[in-house]
Protein chains: 2
Amino acid sequence: MDLDARKLGILKAIIDEYIMSASPVGSRAISKHEEFNLSSATIRNEMADLEELGYLEQPHTSAGRVPSDKAYRLYVDQMMQRAALSDDEIKLIRAHMSARLDEVESVMKQTAQALSAVTNYTAMVMPPMLAANRLRHIQLVPLREGRALVVIVTTTGFARDAIIRVPEDIRTGELERISRLLTERYYDCRMDHIGEMIAKEMSGELYERRAFLCSVMEAVERKMAPDSPNVQLSGTTNMLHYPEYSDVNKAKTFLAAVEGRNMLYEMLKRASKLEFTITIGNENEDEMFKDCSIVTATYQVGDEPLGSFGIIGPTRMNYGKVISVLEYMRRSLSEMLSADQDDD
Amino acid sequence: MDLDARKLGILKAIIDEYIMSASPVGSRAISKHEEFNLSSATIRNEMADLEELGYLEQPHTSAGRVPSDKAYRLYVDQMMQRAALSDDEIKLIRAHMSARLDEVESVMKQTAQALSAVTNYTAMVMPPMLAANRLRHIQLVPLREGRALVVIVTTTGFARDAIIRVPEDIRTGELERISRLLTERYYDCRMDHIGEMIAKEMSGELYERRAFLCSVMEAVERKMAPDSPNVQLSGTTNMLHYPEYSDVNKAKTFLAAVEGRNMLYEMLKRASKLEFTITIGNENEDEMFKDCSIVTATYQVGDEPLGSFGIIGPTRMNYGKVISVLEYMRRSLSEMLSADQDDD
DNA sequence: GGTTAGCACTCAACAAAATAGAGTGCTAAT
DNA sequence: ATTAGCACTCTATTTTGTTGAGTGCTAACC
């Protein structure tokens, strides 16, 4: 007994139906599909086979069938068709993204909002990893005694700042000189290489201040790396619409898992190595997400992946739509970041 | 019939009991309090009176009584005693605040987390309004054609940046000169006065660039103002622990209201004019929060209020504890911001 | 007068029993 | 290979009964 075309068709019909309705699909419902033109009894036999093959599950005898994770995997890999975005959906996304986008953080926020609004699932967006960006400007600003603010600007217009300690023997004037020297020397260098380069620096004024400069770069690097609390979340409560979460406890568990953000951050970081990922139910390592599916995409400038973003929903998720939306967003986000970041 | 001492005592007992148990309080439960030494029948009579006076409500005949918003108001104004923080609670707060606090945003985040962890309600923290801060340094950094990044640092060590448009006729060198001029001229001026001052500027190089400088200051001012998405939220899911929200729909409504943040932001902004505010149930203008109570406090540097933060919980909230916690946080936050913001 | 015991009454909450309906698996006929 | 038919299973829903906490009122009590 193997998966012939008819079984595949029936399986797809069941999955499509279940994604819509969220309740077990019976043989009668499928037998009504005209393209099969089979009686419910025949469908029943096929369903029994599909169950034996591990693609369907029965919540209890006398209930319809529910697709297994294995079935969703097959569906995603082979049978699913992408759902092109409707004009309304594109309009909805545009509406969310139309506000001023002069700051990366707000782009991330709006992206998350747009994603959750179109899909009705939970969206997460990881801010760009700036390691591959290049230095444009570095400025040390003296504050009160023994403290200074370091501001870094990259060629793509991202700025980060951090408060640092300044050794006693550095006078105010020198900070300005160091700023100029650093900017000059490391202009257009990859951010993640500068620290190393300074450590190796062998000559001139910079050499003498090496220890201080290393502490500066350490602070900067800490700020360049996106960290878990910076993951933008939106639509966490969307999940409460779905019958899967009509039980308050399930909802609580989900929301708590998501609120922590750490897991999500780890997942997104891992996912940023691939253009797209789809992880279904049990494929998720994390116990909390065993009955969720997570779809992610990566955004980039040129060939350099900057970060990733994704959707969390029930395994019974509208994969076709979600993937289309992510694809659309991936493109527009990448465009937005590599082209202008206008201020109005 | 008026509120004599005995009625007041009974009312307080009922409120205290209801805050603990969340279920309607019956006459027998109160008659067991030794300090009254009255039979349940007498209590029943008193309860009937209290109901007539509007302090108690009955979910249905044959259920106990539940305090009304009016009762909570009386309780908060006159009968409540503050609950001093236990050592454990202080330890818990410290644990949340001990991580590196080199960035204001992370202080806000941690404050929110600490608040929600100690109180088990939902916490919100509004970032500081920097209007009253004074300028330390301003730097214009050229990016690609026609764009620059402006970075502002205040005496208290806050930094903000924004991308701005630069007119064609300004050469790169001039940006540097303008930076120096601005820093020199407006050093130690209140942030919210600089824009005005520039507009009035009548002489020298700055006069010629007035239009450009105004656009710079406009961008800066936009960034200085905290906005609704920057309100830090924590413990939104805490509410799901309480029986008030065991119904998924109630939970959904609450979470949706809170996720928007706009309302919260508006409330916090209004509240930042007062040291403390307590708003109970119906006193909340917003329909969504008609069965919540909101307690806020303001943090400041010197006499200047910077922003405020607060707790949202069921009207049946442990007011004494919440107020103590907010008082503690208000003090430590104000200290933290006016003293050092160390980087380690 | 205030206080209290006593009692009939109310009502939500829970549990047990009855019913309906959707769906299955199997068998025998086509 | 397909299908009609039927007995069977099991959940979900409705119905009915039961319990217990709590009330309001009255009449007795101090």
Side-chain angles (χ1 to χ4, degrees), chain A residues 1-11 13-15 17-18 20-68 243-244 246-248, chain B residues 1-11 13-15 17-18 20-68 243-244 246-248:
Chain A
M1 172 183 60
D2 59 337
L3 262 192
D4 54 25
R6 196 173 72 175
K7 281 196 175 53
L8 258 159
I10 292 174
L11 182 56
I14 294 174
I15 296 177
E17 177 68 28
Y18 186 70
M20 291 280 304
S21 71
S23 43
V25 181
S27 55
R28 246 179 73 82
I30 300 301
S31 78
K32 283 193 186 122
H33 280 242
E34 295 186 351
E35 70 262 38
F36 298 126
N37 196 27
L38 293 171
S39 78
S40 63
T42 313
I43 303 287
R44 271 203 291 287
N45 290 328
E46 295 288 49
M47 280 167 128
D49 289 354
L50 284 168
E51 181 166 359
E52 204 174 321
L53 287 166
Y55 293 105
L56 293 180
E57 284 160 7
Q58 242 179 329
H60 54 87
T61 11
S62 105
R65 255 61 169 224
V66 166
S68 67
E244 280 88 343
S246 59
D247 172 39
V248 189
Chain B
M1 172 184 61
D2 58 339
L3 262 193
D4 54 26
R6 196 173 74 175
K7 281 196 175 52
L8 259 161
I10 292 174
L11 182 55
I14 294 174
I15 296 177
E17 177 67 28
Y18 186 69
M20 291 280 305
S21 71
S23 43
V25 182
S27 55
R28 245 179 74 81
I30 299 303
S31 78
K32 284 196 186 118
H33 280 242
E34 296 186 349
E35 70 262 36
F36 298 127
N37 196 24
L38 293 170
S39 78
S40 64
T42 313
I43 303 286
R44 271 204 290 287
N45 289 329
E46 294 289 47
M47 278 169 129
D49 289 354
L50 283 168
E51 181 166 359
E52 204 175 321
L53 288 166
Y55 292 105
L56 292 180
E57 285 160 5
Q58 243 180 330
H60 54 87
T61 10
S62 101
R65 253 68 167 218
V66 166
S68 67
E244 280 89 342
S246 60
D247 173 39
V248 190

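What you see is a predicted model; the values in this text were computed from it and never measured. Sequence lines set the chain letters: A, B, ... in the order given, protein chains first and strands last, and positions in each chain run from 1.
- How far CD of Glu17(A) is from NZ of Lys32(A): 10.0 Å, rounded to the nearest 0.5 Å.
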Mark up nucleotides 1-17 of chain C, 5' to 3', with B wherever a protein heavy atom is under 4.0 angstrom from a base atom, S wherever such an atom reaches only the sugar-phosphate, and - elsewhere.
--SBBB---BBS-----
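- Note that CG of Leu11(A) and OG of Ser68(A) are 8.0 Å apart. Values are rounded to the nearest 0.5 Å.
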For nucleotides 28-30 of chain D, print each protein N/O atom paired with a nucleotide N/O atom at under 3.5 Å, atom names and distance only.
none

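- Listed in residue order, the members of residues 26-33 of chain A having a heavy atom less than 4.0 Å from DNA chain C are Gly26(A), Ser27(A).
- Of the options Asn45(B), Leu8(B), Leu3(B), Ile43(B), a side chain to side chain contact (heavy atoms under 4.5 Å, CB included) to Leu50(B) is made by Leu3(B) and by none of the others.
- Between the OG atom in Ser31(A) and the CD atom in Glu46(A) there is a gap of 13.0 Å [rounded to 0.5 Å].
- By the neighbour-count criterion of 12 heavy atoms within 6.0 Å, atom CG of Asp4(B) is densely surrounded, having more than that number from other residues, nucleotides or ligands.
- We find that CD of Glu51(B) is positioned 10 Å from P of dT23(D), with the value rounded to whole Å.
- Shown here are the side-chain hydrogen bond (donor to acceptor under 3.5 Å, both in side chains) partners of Arg28(A), two or more places apart in sequence or in another chain: there are none.
- We find the CD1-CG distance between Ile30(A) and Leu38(A) to be 11.0 Å, quoted to the nearest 0.5 Å.
- The nearest whole Å value for the distance from the CG atom in Asp49(A) to the P atom in dT2(D) is 11 Å.
- The CD atom of Gln58(A) sits 13 Å away from the C1' atom of dC8(D) (whole-angstrom rounding).
- Using a 4.0 Å cut-off, no side-chain N or O of Arg65(B) falls inside it from OP1 or OP2 of dG22(D).
- Counting only residues at least two apart or on different chains, the side-chain hydrogen bond (donor to acceptor under 3.5 Å, both in side chains) pairs with a member in residues 49-60 of chain B are Lys7(B)-Asp49(B), Glu51(B)-Arg65(B).
- Annotation: side chain of Ile15(B) is not in contact with side chain of Val25(B) (no heavy-atom distance under 4.5 Å).
- Here the P atom of nucleotide dG23(C) and the CG atom of Leu56(A) are 14 Å apart, to the nearest Å.
- The nearest whole Å value for the distance from the CD atom in Glu57(A) to the P atom in dG23(C) is 18 Å.
- Put simply, CD1 on Ile43(A) is 15 Å from C1' on dA4(D), counting in whole angstrom units.
- Annotation for Tyr18(B) and Pro24(B): closest pair CE1-N, 3.9 Å, computed over non-hydrogen atoms.
- If you take OH of Tyr18(B) and P of dG22(D), they are 14 Å apart, rounded to a whole angstrom.
- Among residues two or more places apart in sequence or in another chain, the side-chain hydrogen bond (donor to acceptor under 3.5 Å, both in side chains) test is passed with Ser39(B) by Thr42(B).
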